[in-house]
Amino acid sequence: MALQRLSGSFSGLIVQNSSKILQRAFSVSVVAAAIQKMTRVRVVDNSSLGNTPYHRPPRVIHVYTKNGVGKVGDKVLLAIKGQKKKALIVGHKMPGDRMTPRFDSNNVVLIEDNGNPTGTRIKVPIPTHLRQMEGDFSKVLAIASSFV
Amino acid sequence: MNQRVSFSNQSESKDSNPTSCLDSGIFTGAERVEIMNVVGRSRKLVSLLCRSRGLLEQKCVFRAARSSALHQQGHHATPPLRSRFDTQRWCSGDSDSRLLGSTSSQELSLETDHKNSQIIPPGHGYSETFNLDVLVSLLRQENAVDLCVIKVPEHIKYAEYFIVVSGISPRHLRAMALYAIKVYKFLRKDGDPNVKIEGKDAEDWMCIDFGKIVVHFMLPETREVYELEKLWILRAYDEQLMRIPPEVLPEDFMYDMEITK
């Protein structure tokens, strides 16, 4: 059922897109980054804050890097359930270096201010090149159950 | 105090190997054990003694001790120490990962049985490299509570050994971590990467990643919360992992299709 809907809407889009592009009144910028402000992210650990349903998905409100772009291993500030929480990026949809994994969703692990992870287990695969990066990732790697 | 004075006298004369002075029959058996414990636990004391005589720097003492130990007695004492660790490691018999647990009673037996191994200041062992034996012995000597060494199976390309240690207080953890770093820095050769303490500002959980070995220093309460040993032994069958409810995609979920405005 979902597939039929998909194929129907997809073909419709292709037909309509070409005419719409010439008409649109707004400017479109190129995708700039992997994770930046206002991106919706997926929390992948088993913390209660990340897993209880809320009517708004968790969004990034600040990226702690020099430019506002977050890649794997960068800390970000999320707005979850009406509160602010720091988190660590463990995978994004944008292709990175060669021989580094690319994920289908922007994954994030919640972290306290002192660096301890909020959840106790991570089911989603975590990239192993985190280990070679500068930063405190051993704790997140210690609670991960599978590596990529 | 007499005993201590004569000890530093011995180190003054070219023979700065602590083992030889203890063997030379100056001290009785009980005094030997006492001094060994003293020497074993506080290198600072030894250096203080030496400095009070206006002598050798700390490093010179240790280097001399190390080199002489290597040539003279290291080879005798190494096999017993290593084999003891080996048998403990391999006899627990799990298929995936091996668990090496130790209690305080084992620590005592180690000290009385292998006297010679404790005499030489810790961390220099009998080999010049910082390997698992060195690390475990220095953790034991620092009165680490609940030392747990897990051999990580080969197919997990993370590390070879995973160690979890508890401490009595945050200060104890910090002291153990700093001491381990100190010993590593002393024993490493050119080309080995530098190692830093991760989680320095979190007082209840600190880690050090030595390439092949990863050590976690936690307080007992934190250890209860995270249960790292369970995870790393039971890998996929861990209790907390099984408790995470499996993720169910909603019916109308479409892969890779973003509905934009």
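Fair warning: this is a prediction, and the values are worked out from it, not measured in the lab. Protein chains get the first letters and strands the later ones, always in sequence-line order, with residue 1 at the start of each.
- By the 6.0 Å contact criterion, NZ on A:Lys123 is enclosed, its count of non-hydrogen atoms from other residues, nucleotides or ligands being greater than 12.
- Atom-to-atom distance recorded for A:Ser145:OG and B:Gln240:CD is 11.5 Å, nearest 0.5 angstrom.
- Put simply, the side chain of A:Arg121 never gets that close to the backbone of B:Arg243: no donor and acceptor are under 3.5 Å apart.
- Side-chain N or O atoms of A:Arg131 include one that pairs as donor or acceptor with a backbone N or O of B:Gly211 at under 3.5 Å.
- Between chain A and the options B:Ile156, B:Asp201, B:Asp209, B:Val164, the largest number of non-hydrogen pairs under 4.5 Å is found for B:Asp209.
- Counted within 6.0 Å of NZ on B:Lys185, heavy atoms from surrounding residues, nucleotides or ligands total 12 or fewer; the atom is thus considered open.
- Ring geometry for A:Phe147 versus B:Trp232: interplanar angle of 30 to 60°, hence tilted.
- Annotation: maximal heavy-atom pairing with chain B below 4.5 Å, among A:Ala142, A:Pro117, A:Gly135, occurs at A:Ala142.
- The parts of B:Glu227 that come within reach of chain A are both its backbone and its side chain, each placing non-hydrogen atoms under 4.5 angstrom from that chain.
- A distance-only check finds no donor-acceptor pair linking the side chain of B:Trp205 to the backbone of A:Lys139 [under 3.5 Å].
- For B:Val225, the parts lying under 4.5 angstrom from a heavy atom of chain A are both the backbone and the side chain.
- Atoms OH and CD1, from B:Tyr158 and A:Ile126 in turn, are 11.5 Å apart once rounded to the nearest 0.5 Å.
- Note that the CG atom of A:Asn114 and the CG atom of B:Asp204 stand 6.5 Å from one another [nearest 0.5 Å].
- Neither the backbone nor the side chain of B:Ile208 has a heavy atom closer than 4.5 Å to any heavy atom of chain A.
- Here CG of A:Asn116 is found 10.5 Å from CE of B:Met206. Values are rounded to the nearest 0.5 Å.
- The most heavy-atom pairs under 4.5 Å with chain A, out of B:Leu228, B:Ile197, B:Leu241, come from B:Leu241.
- Note on A:Ile122, A:Leu141, A:Thr128: by heavy-atom pairs under 4.5 Å with chain B, the leading option is A:Leu141.
- A heavy-atom distance below 4.5 Å is not found between the side chains of A:Asp136 and B:Lys200.
- Summarising the local packing, CD of A:Glu134 is surrounded by 12 or fewer heavy atoms from other residues, nucleotides or ligands at distances under 6.0 Å.
- Contacts between B:Phe162 and chain A at a heavy-atom distance below 4.5 Å involve the side chain alone, from C-beta outward.
- Other residues, nucleotides and ligands contribute at most 12 non-hydrogen atoms within 6.0 Å of the NZ atom of A:Lys75.
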